[in-house]
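Small disclaimer: the values here were computed from a predicted structure and weren't measured.
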Amino acid sequence: MKQGIGDRILMILKEKDEISVAALANELGITKEGARLHLLKLTEMDLVKNIRKIEGVGRPVTYYSLSHKGHSKFPNTHATVTVELLRSVKKLLGENAVNLLINDRENQIYQRYEQEIQNSNTMEERLEYISKIRSEEGYMAEWKTENGKYLYIQNHCPIGAAAAECRGFCNAELTSFKKLIGGGFQIERVQHILSGAHRCIYKIY
């Protein structure tokens, strides 16, 4: 890979979110085969991921985007700013003010999620909706069944810095999930990123 072209590709993906081989080749002014080789190397480095999409008639088109590791190559100043704001609110207004902010945020999220999943009729459909929404927000969410129980998994926490500062975010999240899952089911967090696990897992039974 030519010196600097990998960083340029990562920047293009950061700006465009996702791109096809043909579009990337046009951006870089190289052949499609050259662009494909660079993307393959970045994929092997776990910096880039791909997804195939069906667009009209013909074969599916492969699009490339940044993986979580690829995103981590870019400084995240929002995390620092968020933590600093939380500390300022706590210092100036007290712990209760922080809890009020967290609860208000979670209520807004719950209402938005509930509206999205209100037409789901089964647990599978609800989990599919929740996983899709959370993945769009950066949680890399998925679900599966294991030993007759449902497992809802979040492989990444985009608000990890804020959650580490105020555990109330995690408590509020669990409360929202309990309401979204609905009566007749129990839900508990069995793995927690802030407790040292590499992902958060919720068991539903």
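- Of all heavy-atom pairs spanning V21 and A35, the tightest one is O-CB, 4.0 Å.
- Taking 4.5 Å as the limit, every side-chain heavy atom of S135 sits out of range of all side-chain heavy atoms of I133.
- Across I19 and A23, no two heavy atoms sit closer than the pair CG1-CB, 3.4 Å.
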- Task: Might you work through the side-chain contact (heavy atoms from CB on, under 4.5 Å) test for S120 and T122, ending with a clear yes or no?
- Result: CA-CA 6 Å; S120 58; T122 65; over 6 Å; no
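- Although no hydrogens or angles enter the test, the distance criterion places no donor-acceptor pair under 3.5 Å between the side chain of E114 and the main chain of Y110.
- Note that CD of E84 and CD of E165 are 10.5 Å apart. Values are rounded to the nearest 0.5 Å.
- Of the charged side-chain nitrogens involved, none lies within less than 4.0 Å of a carboxylate oxygen, so that E188 and K178 do not count as a salt-bridged pair.
- Both I5 and L66 belong to a common hydrophobic cluster when Ile, Leu, Val, Met, Phe, Trp and Tyr are linked at side-chain heavy-atom distances under 4.5 angstrom.
- Using a 30° and 60° split on the angle between ring planes, H156 and H68 fall in the tilted class, from 30° to 60°.
- Paired with Y63 under the rule side chain to side chain contact (heavy atoms under 4.5 Å, CB included), one option of I51, L13, L24 passes, and it is I51.
- Looking at L40 and E44, their side chains come closer than 4.5 Å, going by heavy atoms from C-beta outward.
- Interatomic distance, R36 CZ to I30 CD1, rounded to the nearest 0.5 Å: 10.5 Å.
- Under a 3.5 Å cut-off, the side chain of R199 and the backbone N or O of I153 do not form any donor-acceptor pair.
- Taking a 6.0 Å sphere around CD of Q118, one finds it holds more than 12 heavy atoms contributed by other residues, nucleotides or ligands.
- Residues M140 and V48 do not share a hydrophobic cluster, defined by chaining ILVMFWY side chains whose heavy atoms lie under 4.5 Å apart.
- Across A161 and V83, no two heavy atoms sit closer than the pair O-CG2, 3.6 Å.
- Partners of H192 under the side-chain contact (heavy atoms from CB on, under 4.5 Å) rule, at least two apart in sequence or in another chain, are R167, C170, R189, L194, S195, C200.
- Panel note: side chain S131, backbone A141; no donor-acceptor pair is recorded below 3.5 Å.
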- Task: Kindly indicate, with the supporting measurements, whether the criterion side-chain contact (heavy atoms from CB on, under 4.5 Å) is fulfilled by L93 and L100.
- Result: CA-CA 11 Å; L93 302 175; L100 288 174; over 6 Å; no
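- If you check the side chains of E124 and Y150, you find a donor sitting under 3.5 Å from an acceptor.
- Put simply, the side chain of S176 does not reach to within 4.5 Å of the side chain of I109, judged on heavy atoms.
- Electrostatic pairing of E116 and K132 does not count as a salt bridge here, judged by no charged N lying under 4.0 Å from a carboxylate O.
- At least one side-chain heavy atom of I204 sits under 4.5 Å from a side-chain heavy atom of M123.
- Side-chain atoms of T43 and Y64, non-hydrogen and from C-beta on, do get closer than 4.5 Å to each other.
- Both F169 and V89 sit in one connected hydrophobic cluster of ILVMFWY residues. Membership requires side-chain heavy atoms under 4.5 Å apart, directly or through other members.
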- Item | Check against side-chain contact (heavy atoms from CB on, under 4.5 Å), R8 and H38 | CA-CA 11 Å; R8 187 177 173 192; H38 290 308; over 6 Å; no
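- Rounded to the nearest 0.5 Å, atoms CG (L151) and CH2 (W143) are 10.5 Å apart.
- In this structure, the side chain of N50 does not engage the main chain of T62 through any donor-acceptor pair within 3.5 Å.
- Scanning all heavy atoms of the two residues, the minimum distance from P158 to E137 falls at CG-O, 3.5 Å.
- When the side chains of ILVMFWY residues are joined at heavy-atom separations under 4.5 Å, either directly or via intervening members, I193 and Y139 end up in two distinct hydrophobic clusters.
- Side-chain contact of E173 with Y202: a donor-acceptor pair under 3.5 Å is present, judged by distance alone.
- In the hydrophobic cluster analysis, where Ile, Leu, Val, Met, Phe, Trp and Tyr join through side-chain heavy atoms closer than 4.5 angstrom, L174 is grouped together with I181.
- Interatomic distance, CZ of R112 versus CD1 of I117, reported as 12.0 Å (0.5 Å rounding).
- A distance of 8.0 Å separates OH of Y205 from NZ of K149, quoted to the nearest 0.5 Å.
- Counting heavy atoms of neighbouring residues, nucleotides and ligands inside a 6.0 Å radius, atom CG of L92 exceeds 12 of them.
- Partners of T31 by side-chain contact (heavy atoms from CB on, under 4.5 Å), not counting sequence neighbours, listed by chain and number: E33.
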- Task: Could you walk me through whether I9 and L28 pass side-chain contact (heavy atoms from CB on, under 4.5 Å), step by step?
- Result: CA-CA 8 Å; I9 292 173; L28 296 173; 3.8 Å; yes
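- Rounded to the nearest 0.5 Å, atoms CD1 (I201) and CG (N155) are 8.0 Å apart.
- Taking both residues in full, the closest heavy atoms of G6 and L42 are given as O-CD1, 4.3 Å, listed atom of the first, atom of the second, then distance.
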- Message: I'd like to know whether N107 forms a side chain to side chain donor-acceptor pair (under 3.5 Å) with Q111, so could you lay out the CA-CA distance, the side-chain angles of the two residues, the decisive distance to 0.1 Å, and finally the verdict.
- Response: CA-CA 6 Å; N107 284 334; Q111 291 171 12; 5.9 Å; no
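- Atom NZ of K179 is surrounded by more than 12 heavy atoms from other residues, nucleotides or ligands within 6.0 Å.
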